[in-house]
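Within every chain, numbering begins at 1; the chains are lettered A, B, ... in the order of the sequence lines, protein sequences first and strands thereafter.
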Number of protein chains: 2
Amino acid sequence: MNAAAAVESLTRSVEDYLKAIYRLSPEGRHASTSEIAHLLELSAPSVSGMVKRLSELGLLEHVPYKGVQLTAEGRRAALRMVRRHRLIEAYLVAFLGYSWDGVHEEAERLEHAVSDTLVERMAAVLGNPTVDPHGDPIPAPDGSIHEPASVPLAEIPAGRTVEICRVDQSQPERLRYIASIGLKPGVEVRVTDRQPFRGPITIEAEGRTHVIGHELGQVLFCAPRDDR
Amino acid sequence: MNAAAAVESLTRSVEDYLKAIYRLSPEGRHASTSEIAHLLELSAPSVSGMVKRLSELGLLEHVPYKGVQLTAEGRRAALRMVRRHRLIEAYLVAFLGYSWDGVHEEAERLEHAVSDTLVERMAAVLGNPTVDPHGDPIPAPDGSIHEPASVPLAEIPAGRTVEICRVDQSQPERLRYIASIGLKPGVEVRVTDRQPFRGPITIEAEGRTHVIGHELGQVLFCAPRDDR
DNA sequence: GTCCAGATTTAGTGTCGGCTAAACCTGTGT
DNA sequence: ACACAGGTTTAGCCGACACTAAATCTGGAC
């Protein structure tokens with residue numbers, strides 16, 4: 001409705017909503033009120049109210065009782081936050097001794113406070129990386145992003161060797177466990193055994209053998225490879 | 001009145017008020033409502049209201065119509081913010097290419113977002129500095145701070161050589177000018193001439209001669225020295 | 001001692017962004 | 001075809017913090 005809501009000068013809250021909606025509505029799907037509420041740990045009515053305000057600001061499209069979608073404007077703002085978040089994570093891991101399974105919270109607060117200048121300087125000293133420490137792609141300053149194809153480790157047949165390229169970070173405890181056994185993006189993994197019916201998966205990584213549950217296998221993503 | 005208002009979990013606003021009051025009330029003096037309002041660029045009634053809330057929180061002592069003073073609790077919180085601010089400035093200058101005359105704003109936002117952990121890591125990689133890029137002392141984590149004695153350049157008699165140890169950063173334009181002619185903490189300066197009646201001061205620094213107004217001479221502070 | 005200018009506080013409002021309780025849709029099962 | 005469960009929205013509320021206008025205090029001039 002309203003024209004250009006300056007992408008800077010959005011509230012901390014608004015930025016969080018946009019990021020959440022971006023995560024929940026890939027490929028033009030709709031994000032529901034309750035999904036957003038759950039992700040942000042807010043009540044459904046609070047979300048309903050904010051959704052109304054944001055759609056009046058022109059940042060999203062609201063179909064009552066169906067859900068919301070980002071407008072181009074909203075998407076730009078969301079991607080800007082994603083870029084910030086992932087670059088901050090990368091920076092903290094590279095230069096300030098953070099472990100890749102624990103940076104999330106710090107980045108969550110910093111992403112609302114840094115200037116564009118600072119973000120770009122961090123990007124520069126990092127050598128303009130294209131993925132963050134969890135293997136998630138970092139959107140370019142212009143908002144372009146390409147999600148490299150990947151398949152969950154749980155779907156790799158026994159006998160294959162793959163490289164972990166991404167780790168789902170939505171469950172912190174799992175993230176910590178994965179980190180504790182040395183699995184992280186870049187590591188080579190050989191699937192030595194896979195039990196049926198969502199059974200345990202046996203893998204070899206860096207010379208050590210681990211048996212992990214099917215659940216964990218759905219949180220680790222590998223680059224699909226044509227070799228052996 | 002109230003017991004322990006956790007020093008963490010203060011609002012951005014509250015943190016700004018405490019910092020301002022700390023600056024305005026050295027040595028147990030009182031900060032007036034209008035001074036605070038002016039420094040924070042708020043209306044006097046806004047300050048009055050916040051002062052009431054903060055004194056109910058036990059962070060400051062309010063004597064109506066006279067002014068406010070920090071309590072021990074408030075002082076701790078304020079010093080925590082000052083430490084954050086100055087360490088962030090030092091970090092940005094040292095590692096991210098900021099100039100010492102332009103870091104202030106960035107630090108102003110970041111100081112509210114960083115965790116204690118991050119601040120201490122920045123301090124560590126900096127080698128636990130005791131002064132920031134403007135020469136202002138950085139409070140220790142326990143809140144202790146020692147303001148080294150210093151005198152304005154404007155009061156140094158002609159003929160003396162001194163080292164600049166601190167620069168008042170309250171006027172950004174002056175700060176920029178000072179930086180542009182190469183004057184900064186650590187630089188040696190010889191006062192070659194000083195005109196009476198708040199007249200211009202002639203100095204030599206790093207082989208170059210500058211004539212600066214008395215005003216600028218009050219913004220640059222030097223370590224008092226017993227030598228020549 | 002009184003008066004007045006200027007500082008301070010109180011009164012009353014507004015916005016942002018949360019909440020709960022209640023009303024309302026919508027789609028599924030029978 | 002309809003009822004009902006569960007998700008969604010509306011209504012009404014609250015707290016933090018800003019504002020302006022009005023009332024109030026305080027200290028200095030005379």
*asked:* Taking any atom closer than 4.0 angstrom to a non-hydrogen atom of chain A, what span of DNA chain D does the protein reach, first nucleotide to last?
replied: D:dG7 to D:dT10
*Indicate whether the side chain of B:Ser25 and that of B:Gln69 have a donor and an acceptor atom separated by less than 3.5 Å.*
no
_Residues in contact with DNA chain D, drawn from residues 19-35 of chain A - heavy-atom cutoff 4.0 Å_ = A:Ser32, A:Thr33, A:Ser34
*Who pairs with B:Pro148 by side-chain contact (heavy atoms from CB on, under 4.5 Å), at least two apart in sequence or on another chain?*
B:Pro137
_According to ring pair (Phe, Tyr, Trp, His ring centres under 6.0 Å), who are the partners of A:Tyr17, at least two apart in sequence or on a separate chain?_
none
*May I ask you to evaluate whether B:Lys52 reaches the phosphate of C:dT10, defined as a side-chain N or O under 4.0 Å from OP1 or OP2?*
yes
*State which residues pass side-chain contact (heavy atoms from CB on, under 4.5 Å) with A:Arg121; sequence neighbours excluded, sorted by chain then number.*
A:Thr117, B:Leu96, B:Tyr98
*Excluding sequence neighbours, so at least two apart, what forms side-chain contact (heavy atoms from CB on, under 4.5 Å) with A:Val151?*
A:Ile156
*For B:His62, all residues meeting side-chain hydrogen bond (donor to acceptor under 3.5 Å, both in side chains), sequence neighbours excluded*: none
*Which is true for B:His62 with a 4.0 Å heavy-atom rule: it touches a base, it touches only sugar-phosphate, or it touches nothing?*
sugar-phosphate
*Tell me: CD of A:Glu15 to C1' of C:dC16, nearest whole Å?*
15 Å
*Restricting to pairs with a member in residues 166-179 of chain A, which pass salt bridge (Lys or Arg N to Asp or Glu O under 4.0 Å), not counting sequence neighbours?*
A:Asp136-A:Arg166, A:Arg174-A:Glu215
*Which residues satisfy the side-chain contact (heavy atoms from CB on, under 4.5 Å) test with B:Glu35, sequence neighbours excluded?*
B:Leu24, B:Ala31, B:Ser32
*What residues form a salt bridge (charged side-chain N to carboxylate O under 4.0 Å, His left out) with A:Lys184, not counting sequence neighbours?*
none
*Sequence-distant partners of A:Gln218, side-chain hydrogen bond (donor to acceptor under 3.5 Å, both in side chains), two or more places apart*: none
*Base, backbone or nothing for each nucleotide of nucleotides 17-28 of chain C, written B, S, -, heavy atoms under 4.0 angstrom, 5' to 3'?*
BSBBB---S---
